[in-house]
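Below is one structure; the comments refer to it alone.
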2 protein chains.
Amino acid sequence: MNTPKPGMPVRGSKTGQPIMALLDLLGRSWAMGIVWHLYQGPSTFRELQDYCESISPTTLNTRLGELKKCHLVERSLAGYVLTEYGRELYELLEPMGSWARHRWAKSFEEKGSKK
Amino acid sequence: MNTPKPGMPVRGSKTGQPIMALLDLLGRSWAMGIVWHLYQGPSTFRELQDYCESISPTTLNTRLGELKKCHLVERSLAGYVLTEYGRELYELLEPMGSWARHRWAKSFEEKGSKK
DNA sequence: TCATTTGCTACATTTTTGATAGCAAAACTA
DNA sequence: TAGTTTTGCTATCAAAAATGTAGCAAATGA
């Protein structure tokens with residue numbers, strides 16, 4: 001699975017539009033979860049493993065590799081950390097948290113949930 | 001693969017926090033791409049297939065099913081459309097588009113790209 | 001009525017992910 | 001400084017998810 005980057009064809013989009021590369025990258029298992037978690041502060045490999053309860057070390061490692069190649073994550077003395085780009089991305093993701101809690105979750109509470 | 005919903009344990013998070021359910025849902029192949037595309041207007045199944053160049057009808061169908069169960073997409077006479085929730089979500093996703101284009105893509109242009 | 005189009009299922013193959021074991025290097029500890 | 005932990009990560013195999021292709025039944029159009 002090759003790392004999606006802007007300007008390169010990615011899963012399902014040959015145009016290489018940056019947003020498509022980003023959606024491909026973030027659409028892989030745990031990618032957003034890792035970014036989400038790292039915003040709290042640096043984490044070691046094992047801490048990330050614990051956080052992502054069911055991730056395998058293989059997947060965690062490839063995902064970290066992709067995020068590094070895409071300049072969202074890097075290593076520091078304290079462990080893995082978000083880069084500046086990573087933090088910016090988190091800040092774009094962040095509003096989804098409150099929306100999910102305050103708006104989206106409500107839509108499941110209506111009585112007689114269809115389907 | 002069961003549909004992630006707020007309040008239910010999802011891939012790697014037993015707490016059922018809405019954001020975790022959302023990240024699980026959106027982290028599946030093509031989920032964000034479908035939302036992204038549908039914001040342009042209603043699409044038929046075949047149009048979505050064309051848009052997501054390499055998606056298989058099987059996957060498209062399950063993904064649409066999940067998005068419907070989660071109140072982001074519904075069917076209309078004109079085809080599949082975003083619900084109000086779906087449009088709200090798109091609007092949260094939208095800033096990622098310009099960030100990817102104007103900020104993130106730049107990070108790949110530096111001379112001597114490492115790695 | 002006959003040909004298209006549409007939404008979707010079936011099924012075999014490939015790709016991705018998970019689970020588990022475990023190793024080499026670094027960091028403690030006694 | 002020898003022994004124990006911890007840490008980052010690889011290897012391997014099984015399970016799950018996605019793809020590719022064919023094709024069918026219902027709706028639409030000519």
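A, B, ... follow the sequence lines: proteins, then strands. Residue 1 opens every chain.
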Considering only nitrogen or oxygen atoms on both sides, find all protein atoms under 3.5 Å from nucleotides 24-27 of chain D and state each distance.
none

- Note on the structure: Across all chains, not counting sequence neighbours, the side chain to side chain donor-acceptor pair (under 3.5 Å) partners of B:T59 are B:S56

- Message: Test of understanding: with side-chain contact (heavy atoms from CB on, under 4.5 Å), list the residues that count as partners of B:E94, not counting sequence neighbours.
- Response: B:Y90

Protein-nucleotides 2-5 of chain C N/O pairs under 3.5 Å:
none

- Write down the distance between CZ (B:R28) and C1' (C:dT15), rounded to a whole number of angstrom. 17 Å

- Message: If you compare all heavy atoms of B:C70 against all heavy atoms of B:P4, which two are closest, and at what distance to 0.1 Å?
- Response: SG-O, 3.5 Å

- Report the distance from atom CG of A:L77 to atom P of C:dA26, rounded to the nearest whole Å. 14 Å

- Message: Please enumerate all residues that pass side chain to side chain donor-acceptor pair (under 3.5 Å) together with A:W99, with sequence neighbours excluded.
- Response: B:E88

Got a list of protein N/O to nucleotides 10-15 of chain D N/O distances below 3.5 Å?
unit_1, atom_1, unit_2, atom_2, d
D:dT10, OP2, A:N61, ND2, 2.4
D:dA11, N6, A:T58, OG1, 3.3

- Any A:W36 side-chain heavy atom under 4.5 Å of B:M20 side chain: yes

- Among residues two or more places apart or on two chains, list those pairs meeting salt bridge (charged side-chain N to carboxylate O under 4.0 Å, His left out) that have a residue in residues 24-33 of chain A. A:R11-A:D24, A:D24-A:R28, A:R28-A:E66

- Whole-Å gap separating P (D:dC9) and CG (A:D50): 15 Å

- Distance (rounded to the nearest 0.5 Å) between A:L93 CG and A:E91 CD: 10.5 Å

- Task: Check the distance between C:dT16's P and B:I55's CD1 and give it to me in whole angstrom.
- Result: 15 Å

- Apply side-chain contact (heavy atoms from CB on, under 4.5 Å) to B:P95 and list each qualifying residue two or more places apart in sequence or on a separate chain. A:L92

- D:dC9 phosphate, OP1 or OP2: any side-chain N/O from A:R75 under 4.0 angstrom? yes

- Counting just side-chain N and O atoms, does B:Y80 come under 4.0 Å of either OP1 or OP2 of C:dT6? no

- Task: Write down the distance between CG (B:N2) and P (D:dA17), rounded to a whole number of angstrom.
- Result: 9 Å

- Between A:A78 and A:T44, what is the shortest heavy-atom contact and its length? O-CG2, 4.5 Å

- Query: For B:Y85 and B:H71, which heavy atoms make the closest approach, and how far apart are they?
  - Reply: CB-O, 3.4 Å

- Enter the inter-axis angle for the ends of the helix from C:dT1-D:dA30 to C:dA30-D:dT1 (five pairs per end, rounded to 10°). 30°

- Task: Using atom CG of A:L60 as one end and atom C1' of D:dT7 as the other, report the distance to the nearest whole Å.
- Result: 12 Å

- For A:A105 and B:P6 the tightest heavy-atom approach is CA-CG, 3.8 Å

- Between B:L64 (CG) and C:dG7 (C1'), how many Å, whole number? 10 Å

- Message: Taking side-chain contact (heavy atoms from CB on, under 4.5 Å) as the definition, give me every residue that meets it alongside B:A31, ordered by chain and number, with sequence neighbours left out.
- Response: B:R63

- Message: Does a side-chain N or O of B:S56 approach OP1 or OP2 of D:dA18 to a distance below 4.0 Å, or not?
- Response: no

- 5'-most contact on DNA chain D (nearest-nucleotide basis), A:G79 vs B:S29, goes to A:G79

- Note on the structure: What one should report as the nearest heavy-atom pair of A:A21 and B:W104 is CB-CZ3, 4.1 Å

- Item | Nearest-Å distance for atom pair CZ/C1', residues B:R63 and D:dA16 | 12 Å

- Sequence neighbours excluded - side chain to side chain donor-acceptor pair (under 3.5 Å) pairs with any residue from residues 73-83 of chain A: none

- Item | Residue B:T44, side-chain atoms from C-beta onward, closest of D:dG8, C:dG7, C:dA19 | C:dG7

- Task: Check whether any side-chain N or O of A:W30 sits under 4.0 Å from OP1 or OP2 of C:dT16, and answer yes or no.
- Result: no

- Message: What's B:T59 touching, base or sugar-phosphate or nothing? Going by heavy atoms closer than 4.0 Å.
- Response: base

- Item | Pairing residues for A:S43 by the side-chain contact (heavy atoms from CB on, under 4.5 Å) criterion, not counting sequence neighbours | A:H37, A:L38, A:E47, A:L48

